[in-house]
Protein chains: 2
Amino acid sequence: MGRREDVARLAGVSARTVSNVVSGTVNVAAGTRERVLAAIEELDYRPSEIGRMLRSGRTGVAGLVVPDLDNPYFAELARKLIEAARGHGYTLMIEQTDGVRDRERELLARADTKAIFDGLIVSPLGLTDDDLSRSARTQRPVVLLGEEPHPGFDHVHIDNFVAAREAVEHLLGAGRRHVVAVGAQRTVRSSSSLRLSGFEAAMEAAPDATAQVAYVDTFTRRGGYDATRALLHDGPLPDALFCFSDLLALGALRALHDAGIAVPEQVAVVGFDDIEDGRYGHPSLTTISPDKEAIAQAAMDALVRRIGGDESEAVRVLAPHRLVERESTG
Amino acid sequence: MGRREDVARLAGVSARTVSNVVSGTVNVAAGTRERVLAAIEELDYRPSEIGRMLRSGRTGVAGLVVPDLDNPYFAELARKLIEAARGHGYTLMIEQTDGVRDRERELLARADTKAIFDGLIVSPLGLTDDDLSRSARTQRPVVLLGEEPHPGFDHVHIDNFVAAREAVEHLLGAGRRHVVAVGAQRTVRSSSSLRLSGFEAAMEAAPDATAQVAYVDTFTRRGGYDATRALLHDGPLPDALFCFSDLLALGALRALHDAGIAVPEQVAVVGFDDIEDGRYGHPSLTTISPDKEAIAQAAMDALVRRIGGDESEAVRVLAPHRLVERESTG
DNA sequence: CGATCGGATTGCATCGTGGCAAGGCCGCGC
DNA sequence: GCGCGGCCTTGCCACGATGCAATCCGATCG
C-alpha cells in the first residue's frame, strides 16, 4: 500500500493536495483531482483511520459491555446494537463480564485508559453507584442498560415493574391461584428487584391467591431447572410460574416435563425477554417481550448525542414492552 | 484529564521523561520517577492509546465477521473468541453480514480501508475465492472459519465430512432405515456441501436404507420447521432426520411435535453445532458438538501469529468434534 | 497596463507516542 | 585538577491526517 507522499509525487502535486482530494472538503481543480485519484488507484493508497482518529479525537468505535453473549437475550440485543451503531457510522467492540463486578469495574477503568472507544454502553449486573461515579471522571460517555438507573448516567430500560405485574395479572386472569416467582437472587444485590416488586404488587391485588418466591443461583436454564426441581420436591404443586427470564423459564419447562407435569394444563409458565428459543420450543413460551430494537436504537442515539458533546442532564428512556401469549399459558 | 506537557511541567522534567517513566523501557532515576508518577496521579494523565497505535502500527484490535449473532452457534463462538482474544491482549470488533455476500465483501474491503484491526477472523457464507483473493492484497491477515477453505488463507475447521458421516452412522446403527438430510440449499453456493457428502457416504454404505434430501431456505428454526412440514406433507414418514444445524433440528422437532409424531420413537433427530438450546429442550437434542473453544483458540493463535509477521504458508487447523447422544435419538 | 479578486494549491503546525542519538551531569581514577 | 566513563535526561523527528493561513496564479476590471 502506497503512502501519501508517493501519491503526491506520482500525481505531481503536494501531499496536502492529496489530502484535499481525499477529504473532499476543499475545492480541487477537476484535472488535478483526476490525476490524484489515478495515482491513488495506481499505488493502492488508502488513508489511515488511525491518523484521522488522532487528528480528530474521534474513533467511531463504541464499546459494549454485556455479561455474556451466550445468553440469547444479550446476543439478540447485541445484534440490534451493532445494527444501530452501523446506522450512526459506529462500530462496536464487545466485552463480556460474566456479571462479575470486578470485571465490570475493570472494563470501566479500561474505558479511561487503554481503550479507544468514544463511548460505552454498559449492561451492568453488580456495579454500585460508587463504582460508576468513580468512573464518571472519564470524558467518555456511558449509557446504561438494564433494570437499575445510576445517578448521572443516561439509562435505557423498559418498565420492569409494570411488565412483571402484567405478566402476573395475565396468570391470575386465567384463573391461576398459586403463583411462584422464579428468579429472585440472594447473592446478587438487587438485580430484578423491580420484577419482584411487580410480582408482589399483582399478587397483593388478588387476596385469594398464594404468592411464593423461588431463588436461583444464576439466570440460566440450569438455574431455572434446579429451582423448579427444588420447588416440585419441597412443597405443593403451584399452578403458575412467573420466571424472571426466558432462560429460567426454559429450564423450568424442562424440569416440569421431567416430572410429568403438563404445561399449561397443570402449571402455566411465563417468561421474560422473548428470546427466539422460546418461540419454537414445546410448549412455546408466553413471555414479556421488550422492544430490543427500540432499546438498541435509544441507547445508540443517546450515546452518539453525548459523544457529540451534549452535556445536558442525564436522561432516562423508557422502551416499550408487551406481553406475548403463547402455549405455555394456554 | 491532563496532558503530557502539563505533567512534565508539574514534575519539573521534560515531556520526554514522562514518556520514559510511562513506558518503563528506559532507566529513570528513582526520585524522578516518583515525582513524575505523583504528577500523573495529580493531573489524572493517561497516555493515549491512539497515539501509541499511530506510533507502533499496532492496534490490539481484531475484527470478527460472522453472519449473525442471533444464531446461538455464532454467539457461543463469539464468546469463546472474545475470551481467546483477551488472552492474547486483543479486543474484538464484531460485524454481522447476515450471510449476504455483498456485506461480506464490503467488510473485507473495509478491513483495508476504514477499519483499524490488525487482522480479521471471518466466517464466510457466500464469499468466492475471487472475492477473497481480491482482498488478499491487504496487509492485514485474515483467518477463515467454517466449512470451506480458500487458497492462501489460514483456515480453522472441524471435519464436517466425518462428523456428518458419524451422525448418520449413529442413526443407521440404531436401526433407522429412511434418513432425510435437512439443510441442503439450492441458492447458496456450496455451504454445507461437506455435511451433505458425509451423509451420502454413510448412506451409500447402507444399501438397504433410503436416503432423502430436504432443502431449506435459511439455517434457522423456521427453515427447519418449514422444511419438515413440507416433508411430512409430501411423502412417507421417514424414521430419522439429520439436520445440518441445531437450529434446523429445533425447528424440525417443533414441526414433528405439531404433527403428533413422537421423537425419537417414530422419528429420530440429529443436529449439528451443540448449542445450549438443544440441551434443555424437549426432547434434548443429539448433535455433533464441535469444540468451539478449540476453534476459537486456534483461530486467535493463527491470527496473532500472522500479525506478528509470520509469512509462512497458510495452515489448516482441524479442531475436534464429537457426537453427543441425547434423547432425540433415544 | 496595473491593481484587485478569487479559486487552487501549498507549507506549517498539531494531535500523542516513542525510537534515536546527542547532551548534561556526577563521580571516580590518575 | 583534569579527563573519562556511565547513567539520566532531553530534543528532534516521524507516524498520518487535517485546520489554518499564506501563497500563487490567471482573470477581470478600471
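If you're wondering where the values come from, they're calculated on a predicted model, not measured in any experiment. Per chain, numbering begins at 1; letters A, B, ... match sequence-line order.
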*Rounded to the nearest angstrom, tell me the gap between atom CG in A:Asn20 and atom P in C:dC12.*
16 Å
*asked:* Let's test your reading of the model: under 3.5 Å, does the base of C:dG19 pair with the side chain of B:Arg16 as donor and acceptor?
replied: yes
*Look at atom CD of A:Glu5 and say whether more than 12 heavy atoms of other residues, nucleotides or ligands are closer to it than 6.0 Å.*
no
*Counting heavy atoms from C-beta on, name the nucleotide in C:dG16, D:dC8, D:dG16 closest to the side chain of A:Arg4.*
D:dG16
*Of all the nucleotides listed (D:dG19, C:dT9, C:dG19), which has the minimum atom distance to the side chain of A:Thr25?*
D:dG19
_Any A:Ser19 side-chain N or O less than 4.0 Å from OP1/OP2 of D:dA17_ = no
_Please pick, from D:dT18, D:dC15, C:dT9, the nucleotide with the shortest atom-to-atom distance to any side-chain atom of A:Arg52._
D:dT18
*Which one, C:dG18, D:dT9, C:dG16, comes nearest to the side chain of B:Thr32?*
D:dT9
*asked:* Whether the side chain of A:Arg55 and the base of C:dG16 hold a donor-acceptor pair under 3.5 Å is what I'd like checked.
replied: no
_Strictly below 4.0 Å: does A:Asn27 bring a side-chain N or O up to OP1 or OP2 of C:dG7?_
no
*Pairwise 5' ranking along DNA chain D for A:Arg3 and B:Val13, keeping only the more 5' one*: B:Val13
*Is the shortest side-chain N/O distance from A:Thr17 to OP1 or OP2 of C:dT10 below 4.0 Å?*
yes
*asked:* Applying a 4.0 Å non-hydrogen cut-off, can you work out what B:Val22 is touching in the nucleic acid: base, sugar-phosphate, or nothing?
replied: nothing
